[in-house]
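What you see is a predicted model; the values in this text were computed from it and never measured. When a residue number appears, it is its place in the shown sequence, counting from 1.
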Amino acid sequence: MGPGPFLLPVAATAPVSPMCWRMAACQSPPSVEMTRLIPVTLSCHLGPVLPPHGFPLQNVPEQTCEEELCNLLTNVLFSVTWRGVDGSDEAAWRERGQVFSVLTQLGASATLVRPPDYIKRSLLEMMLESALTDIREAPLGVLASLTQQALWLLRLLQDFLCAEGHGNQELWSEKLFEGVCSLLDRLGAWPHLANGTADFREMAQIGLRLVLGYILLEDPQLHAQAYVKLHALLQTTVPMRREEACYVLSKLEAALARALSTLPSENPAGVEEPPAAATAAERCSWLVPLVRTLLDRAYGPLGLQWGLPSLPPTNGSPTFFEDFQAFCATPEWRHFIDKQVQPTMSQFEMDTYAKSHDLMSGFWNACYDMLMSSGQRRQRERAHSRRAFQELVLESAQRRARLEGLRYLAALKQQAAQHSTALLHWGALWRQLSSPCGPWALRDPPTPHWKLSSAETYSRMRLKLVPNHHFNPHLEASALRDNLGEAPLTPTEEASLPLAVTKEAKVSTLPEELQEDQLGEDELAALETALEAAELDEQHEKLVLSAECQLVTVVAVVPGLLEVTTQHVYFYDGSAERVETEEGIGHDFRRPLAQLREVHLRRFNLRRSALELFFIDQANYFLNFPCKVGGPTASSPYQGPRPQPCPIPPHTQVRNQVYSWLLRLRPPTQGYLSSRSPQEMLRASGLTQKWVQREISNFEYLMQLNTIAGRTYNDLSQYPVFPWVLQDYVSPTLDLSNPAVFRDLSKPIGVVNPKHAQLVREKYESFEDPAGTIDKFHYGTHYSNAAGVMHYLIRVEPFTSLHVQLQSGRFDCSDRQFHSVAAAWQARLESPADVKELIPEFFYFPDFLENQNGFDLGCLQLTNEKVGDVVLPPWASSPEDFIQQHRRALESEYVSAHLHEWIDLIFGYKQRGPAAEEALNVFYYCTYEGAVDLDQVADERERKALEGIISNFGQTPCQLLKEPHPSRLSAEEAAQRLARVDTNSPSIFQHLNQLKAFFAEVISDDVPLVLAMVPHQQPHSFITQGSPDLLVTVSANGMLGTHNWLPYDRNISNYFSFSKDPTIGNPKMQRLLSGPWVPGSGVSGQALAVAPDGRLLFSGGHWDGSLRVTALPRGKLLNQLRRHLDVVTCLALDTCGIYLISGSRDTTCMVWRLLQQGGLSVGLASKPVQVLYGHEAAVSCVAISTELDMAVSGSEDGTVIIHTVRRGHFVATLRPPGATLPGPVAHLALGSEGQIVVQSSARERLGVTYSLHLYSVNGRLRASLTLGEQPTALKVTEDFVLLGTAQCALHILHLNKLLPAVPPLPMKVPIRSVAVTKERSHVLVGLEDGKLIVVGAGQPSEVRSSQFARKLWRSSRRISQVSSGETEYNPGEAR
């Protein structure tokens, strides 16, 4: 048998090496019970094997590696079996016997290289030799135990040879024979064969049986040794008993009979004797002397005198050999053997060897049972050990490996994110440095591409475009569209999933049973407990709340962490890969709570799980709290309002908890925060009443309704919805006085074509869902969904990319794209399935109608006309003209009279229920709040798919009204009401034909009045409501005046009252701004700014280049900031009072943050937020709009540069046209929609010319106007431009075209400053001679000042003492 694996019992805890054989003599090896089976590969080369001490060498130099390894393992097994078991009793030998049982089992399974019987024989040989050695070396005291050990060993040997050796004479080895004889001789057991102790007699009987067995072998050498031994025993031992004598005689006689039967009867001379006969003869020559000696020694016990009377004489007969052979053939001998010897021998075997056989049979059964039980125990222990190892070691190691793997992956991700972030930062820095006004300006700058910004105006218009530095032209999407044509896409798995799960998610809640989205009573009660002063300590910011959330944007849903402290709101972007946003790298933000204006409860995917935060700079953030059942909730270190218990969903509980804390912190600028639900918020806002009374426009009202109803720019599935208001898109002119050009606002868009009404009604009545899940509906699509928004805004990023993503990586077919306004309206008329309403951009954003990024949108199939810019109606000459006329249509009398009908359909009582059915206004049930509960869908994948379908399908707004909406007053009715109520001064821009100028007061004789203004955010408590406002004036000599101003007083003919600052007329009490000023210029109105709350005055123009902060009304200098390297030339404040921008002769601009405390301005930050570079000449004028993230600056070289406020990045450079040698940009102003009004000059041959230019928020020139006068003051308010000139005229121009709105108002002296009061009721004009002129739309009455006395705030003086503006200012008379 060649080399291969074999199995042997090897001690699990005692691996044996060639150097460890002394272990057998030095210590006891492990117990047999600790052995187990292990596979051993024999294809190895082992060194020389050292046998155990005192043992014969088991291998020879000629052995193969396989034999050498077998002998080694046999020696190991012997050491474990013999030395590894203590004791000599039966229990100890049962343990040893298990080894033999194992060998028997392995032999039966043919898994051993060496036969098991030979391994057993080797073990027994070594055991005999070891037992003999132990007896020789043992002291007298332990001889008894060794005797017992020898007895059991002989029993095993007897059983082994008589069982396994019965058919295999090779097992009867010489070493076994020698070992048995030596052992019995050493113990002196032979004499006890006849009469001795039981143990010795049994050992002698076993020895006798084995000697006889060896005699019967065929091996001559072993036969001869056994003959000699038996012969010696017969001669030297005591006389045998009859039983032993008959037993020996029977065995010898049987062998002798076989030998005699083999001998030939006669052998002829010369014939060679056969080998068998020779062997038989030889055996006879050995056996006959033995029989003779036995018969001689046991003559008496055998009864030979009467049993064998004819027996030849055994003593001295020379012919006994031949005589006895002949006698064995006689009947007498056979009769004696059969009748006398055989029965006695059989009885002897029954009495001795049969009992021994039974003993060993029980012994082996016990060994087997112990082997099985120990095997099972070992299996249990092994399983337990395996489990323990797995729990304590393996699982711990695997867990640690997983954690380390996760840490490693996290480290790799973090490293990659950091690398990506660094690249983004470097890209932003490179763009800034290589911009057209940067130090490394490129000679050939790349073509700019644009995307829509998230910045909003105060009217919630998103109309600003910002550079798209990661522009994708989507050429592959265009190619895929052209290849696919109109072939429908293969429906995805997600498209079919909602049908399978819709029954699981369906909620059978009636509309009238749907509860309003609001806080619980307990949460509202907790709001009444104000935080302690220590918790609101402004010096120490403390964490109040932390919650996992998602920041929902137009482009993505960003996971992250929201933290609310006592001072700020933080969001930490948790996305794996950050992207560049307008505010920086990633979506992180940090916002002061003091700037939080509104917080609205929101839905996301029809779950009440979101909030939308609005700040005073128009920044807004949509936060979703996707808390799952059993997931983490918002955590707070303070005891605050707790989430309501079920059935309120966990995500709603977390949302409400965050909302409650924001309410509890009570920022001073919050509005509408005390309301509970959108319905109550609308009622509390008073917006409906303001709209009815024409105090706000249709656009503003619709925008506010969308906001309150949960519509947001941040979620495409809840995008603000506006109505189609026109149906005439083919006429060359648009006549807004003709009702026929307007759409019927009382009907849903799906049935504006009367032909569709009956079809829609029949479809509704005939619809029936066999499963009973889907409710009846009129329209299977929605009037506002993500796909519709992308449809309209496909030319503007990021909506282009979103459209391509929605269309599976390609552009939609060109004919289905929004390519024409008229075609879009025609599609509404032709198909009741196309029910898309409009979006707000149709009323303010002309850029979405142009393909400014040059996308390949394909060609129309019928005309093969390339799709580019949107085809406008004939009555619109340009996108700007379309937007203006469309906006006028929205604000028209017809729409104002019928808009409430459309509001009833979308936000009102016709949205749901029987009224909606009657109005044909029922949509697919999944679009309604409360119709679907996504948390009921157990499968995560199916729930995600259903969320995607809801997100793309659209959602119906919150129902704000459950009763009919009131109609709006007509313009005539509103005017009559206003005249009847007469509670405030009318807006001068609504009564431009009634403008009159009134002389208010001489502020400073012959000293120009460079600043006169009323701060527009002056705080008034409840007690001081109706008290005068602060009117701030500054003269060219730095004299500061703080006057009292009331914009309305019905008892005075000019409808205003002005109380002059008494300190101005008293030289000792006059307050002067700290100088000195730049020589030759004095104080410039361009270098002055007043905080919106009227608490601070900021001034530039100082000789040391400082920016100074003065407290109002005291006139105390608070701070001097020196960051510019030269004189500060101009200042400007944003509308919301967050940032101040300064321009300087050092060609830089700086953006400063106003410090506030308790909602009031207290100073400027010591360091600027941004330093803006790019000008090559002194900065002459600046303007800033925080809400639109715009900082605009003009310089003396005629250049205008636009930067961002938050990041200070360059956006664009404007160079006013028409000047060969440009002069300085003297004035800048920003409109409410980001319009940039630039007043520039040019040096011509005939002198200096002046012009006025209008740019859009995106830097596109809209209009230009050449001025015949020199402008000295510029102001933009609402839709008008106010321009004061050195030629003593006040011009009022329309902002959108720069055309005159009214004839110029003449003044007798040049104008130095122009300002509009916060109610837009008056214009304050400061003149060169120090006079203050007030322009209003007053209607003087025949009232004399002596007839009425008036109580002013802390004043009881008569009107004639308070106001000098009783007479109209007439500059013609002065001349």
Would you say [Y] and [X] are linked by a side-chain donor-acceptor pair, where the criterion is simply a distance under 3.5 Å?
X: N1258; Y: S1256; answer: no
X: E1176; Y: S1195; answer: no
X: H474; Y: S801; answer: yes
X: N624; Y: S609; answer: yes
X: S1193; Y: H1175; answer: yes
X: E541; Y: T566; answer: no
X: Q817; Y: H791; answer: no

If I take atom [atom1] from residue [X] and atom [atom2] from residue [Y], how far apart are they, to the nearest 0.5 angstrom?
X: S420; Y: H425; atom1: OG; atom2: NE2; answer: 10.0 Å
X: R1145; Y: H1124; atom1: CZ; atom2: NE2; answer: 13.0 Å
X: C1130; Y: I1141; atom1: SG; atom2: CD1; answer: 8.0 Å

Can a salt bridge be assigned to the pair [X] and [Y] using a cut-off of 4.0 Å between side-chain N and carboxylate O?
X: R481; Y: D856; result: yes
X: R1123; Y: D1146; result: no
X: E563; Y: K542; result: no
X: R711; Y: E612; result: no
X: R810; Y: D482; result: no

Could you check whether the rings of [X] and [Y] sit parallel, tilted or perpendicular, using 30° and 60° as the cut-offs?
X: F818; Y: Y792; value: perpendicular
X: Y572; Y: Y570; value: parallel
X: F589; Y: F571; value: parallel

What side-chain donor-acceptor pairs closer than 3.5 Å can you find for residues 1178-1187, not counting sequence neighbours?
residue	atom	partner	partner atom	Å
S1180	OG	G1194	O	3.1
S1180	OG	V1225	O	2.4
S1185	OG	E1187	OE2	3.2
S1185	OG	L1188	N	3.4
T1186	OG1	D1134	OD2	2.3

Residue pairs, two or more places apart or on separate chains, that pass salt bridge (Lys or Arg N to Asp or Glu O under 4.0 Å) and touch residues 449-474: E456-R460, E456-R462

Summary of salt bridge (Lys or Arg N to Asp or Glu O under 4.0 Å) pairs that have at least one residue in residues 794-806, sequence neighbours excluded: none

Close aromatic pair by centroid cut-off 6.0 Å: F614 and F622: no

P720 vs M703 side-chain heavy atoms within contact, under 4.5 Å: yes

Row check, F615 ring normal vs R591 NZ/CZ: under 6.0 Å, within 45°: yes

